Amino acid sequence: MRRAMAEAEVGDDVYGEDPTVNRLEATLAELLGFEAALFFPSGTMANQTALLLHAPRASEVLAPEGAHVFEFELAAPAMLSGVLVRPLPAPSGRPDPGAVAAAVHTSVHQAPTALLWLENTHNLAGGTVLDRNLTDRLLSVAREKELKAHLDGARIWNAAVALKTPPAALAAGFDSVMVSLSKGLGAPVGSVLLLPRALLPEARRYRKVMGGGMRQAGVLAAAALVALLDWEETLARDHALAQALAEGFAKLGLAVDPPPETNMVYLRVEDAPGFCRRLEAVGVRALPLGEDRVRFVTHRDLPEDAARLALARIEQVL
Ligand SMILES: Cc1ncc(COP(=O)(O)O)c(C=O)c1O
């Protein structure tokens, strides 16, 4: 990736003149089955652009509880788009289509519902996967109720590998999809918003409004193009590592919850921050989420025997 970055052909992407960014956008539009793609510095900025495109001021957005846009984008929907995100119950990150239909506002006393927001895989629910069948049922509710639909597909790659399906099959039917290149794919920077060609000029304008117009961004796009060469094998390995970790944790008497579906393993522990500090002291890094949850993420920079090494060290700590 570093070599590709050094050798990248570059230009001014504000004018659409960076050949490497253009190549990345064309590659992703084709891979995800959309007419157009736009490169962003972050997934958050691409998600916020989707809100600006689809949800009018003072409307509301229905999203699964725990969605990144609600939990981790710092009230940006309120600040930037002036919209309300309403989290809906979503066991394992999967909202019930009937409950979504019932949640849509129609009364003059309520904020009009404009957008259905889904997340695949769902980070906080455990890296859980939305399959095509449930996605179709949710999208048909959106169509029936005349809502736009956006997919936060930061980890659509992991969902595609877990379901053994092309990512385009999971992206079909949405008005826009955000995919990240900087997470499991391992590129240093960048996410892409997939959208119809007609929305591209407006999306470019919102990106510029937020300070996301970049020059010589081809150095970043070049790394992402390298990540796109071998993502299927890389993520399959990450998923196998996560399974091995989960099995090892269970043998150590740790509470894995839920069983991993992709590259994340969540544990329920007492004093999660203290537990993570003790792990870090032996060279195993994990993220405490609140007082009683810990998230482990497997990734492409781990050695082949990462699960064995980590489990041996965690056993010492226990
Ligand atoms: C599901 C999901 N969506 C969006 C984002 C935002 O991506 P970024 O960190 O590039 O802004 C993240 C980041 O972790 C995420 O997990």
Side-chain angles (χ1 to χ4, degrees), residues 24 28 32 37-54 61-77 79-81 85 87-88 90 92-95 115-130 135 149-162 167 170-171 174 176-195 203 206-207 210-212 214 217 220-221 223-224 227 235 238 242 258 260-266 285-289 293 295-300:
L24 176 69
L28 283 167
L32 275 301
L38 188 62
F39 184 59
F40 281 79
S42 71
T44 299
M45 197 190 280
N47 272 346
Q48 293 305 317
T49 298
L51 284 174
L52 286 161
L53 289 172
H54 301 311
V61 178
L62 300 177
E65 62 193 345
H68 192 277
V69 69
F70 180 71
E71 294 287 344
F72 301 121
E73 297 186 18
L74 300 98
M79 183 177 161
L80 301 172
S81 303
V85 178
L88 297 180
S92 306
R94 298 166 188 128
L115 178 62
L116 174 63
W117 189 280
L118 298 172
E119 188 172 306
N120 196 10
T121 64
H122 193 298
N123 178 356
L124 207 52
T128 49
V129 167
L130 266 188
T135 303
H150 171 76
L151 178 65
D152 178 340
R155 298 182 184 77
I156 197 171
W157 316 107
N158 297 86
V161 166
L170 300 176
F174 287 93
S176 57
V177 175
M178 185 278 277
V179 302
S180 286
L181 305 156
S182 60
K183 305 192 191 317
L185 265 56
V189 176
S191 288
V192 165
L193 187 64
L194 289 309
L195 69 179
Y206 287 134
R207 185 183 67 170
M210 288 188 273
M214 294 187 285
L220 306 176
L235 297 187
D238 290 352
E261 297 180 19
T262 55
N263 64 331
M264 294 179 176
V265 188
Y266 278 75
R285 299 196 75 200
L287 183 71
L289 286 155
R293 291 181 86 201
R295 187 188 78 171
F296 292 79
V297 178
T298 56
H299 57 87
R300 64 187 291 149

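These numbers come from a predicted model, not from an experiment. Whatever order the structure lists ligands and atoms in, that order sets their numbers, starting from 1. When a residue number appears, it is its place in the shown sequence, counting from 1.
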Just heavy atoms, cut-off under 4.0 Å: does [X] contact ligand 1 by side chain, backbone, both, or neither?
{"X": "Thr44", "value": "both"}
{"X": "Ser42", "value": "both"}
{"X": "Asn47", "value": "side chain"}

> Testing Met178, His68, His150 for side-chain contact (heavy atoms from CB on, under 4.5 Å) with Glu119, which one passes?
Replying inline: His68
Compare all side-chain heavy atoms of [X] with those of [Y] and state whether any distance is below 4.5 angstrom.
{"X": "Asp152", "Y": "Leu118", "value": "no"}
{"X": "Phe40", "Y": "Thr49", "value": "yes"}
{"X": "Leu38", "Y": "Arg207", "value": "yes"}

Please check whether [X] reaches ligand 1 - meaning an N/O of the residue sits under 3.5 Å from an N/O of the ligand, judged on distance alone.
{"X": "Asn123", "result": "yes"}
{"X": "Arg155", "result": "yes"}
{"X": "Asp152", "result": "yes"}

Just which atoms of ligand 1 are under 4.0 Å from any heavy atom in [X]?
{"X": "Met178", "result": "3 (N), 4 (C)"}
{"X": "Glu119", "result": "1 (C)"}
{"X": "Ala154", "result": "1 (C), 2 (C), 3 (N)"}

>> Among all protein heavy atoms in this structure, tell me which lies nearest to atom 15 (C) of ligand 1, with the distance rounded to 0.1 Å.
In response: His68 CD2, 3.2 Å
> Among protein heavy atoms, which sits nearest to atom 10 (O) of ligand 1, and what does the distance come to when rounded to 0.1 Å?
Replying inline: Gly43 N, 2.8 Å
> Contact between Met45 and ligand 1, counting heavy atoms under 4.0 Å?
Replying inline: no
> Can you find a non-hydrogen atom of Lys183 under 4.0 Å from ligand 1?
Replying inline: yes
> With distance as the sole criterion, is a donor-acceptor pair present between the side chains of His122 and Thr128 under 3.5 Å?
Replying inline: no
> Side-chain donor-acceptor pair under 3.5 Å between Ser42 and Ser191, yes or no?
Replying inline: no
> When you measure from the side chain of Arg293 to the backbone N and O of Leu124, does any donor-acceptor pair fall under 3.5 Å?
Replying inline: yes
> Arg94 side chain to Leu130 main-chain N or O, any donor-acceptor pair under 3.5 Å?
Replying inline: no
> Out of curiosity, Thr298 OG1 to Asn263 CG, how far, rounded to the nearest 0.5 Å?
Replying inline: 5.0 Å
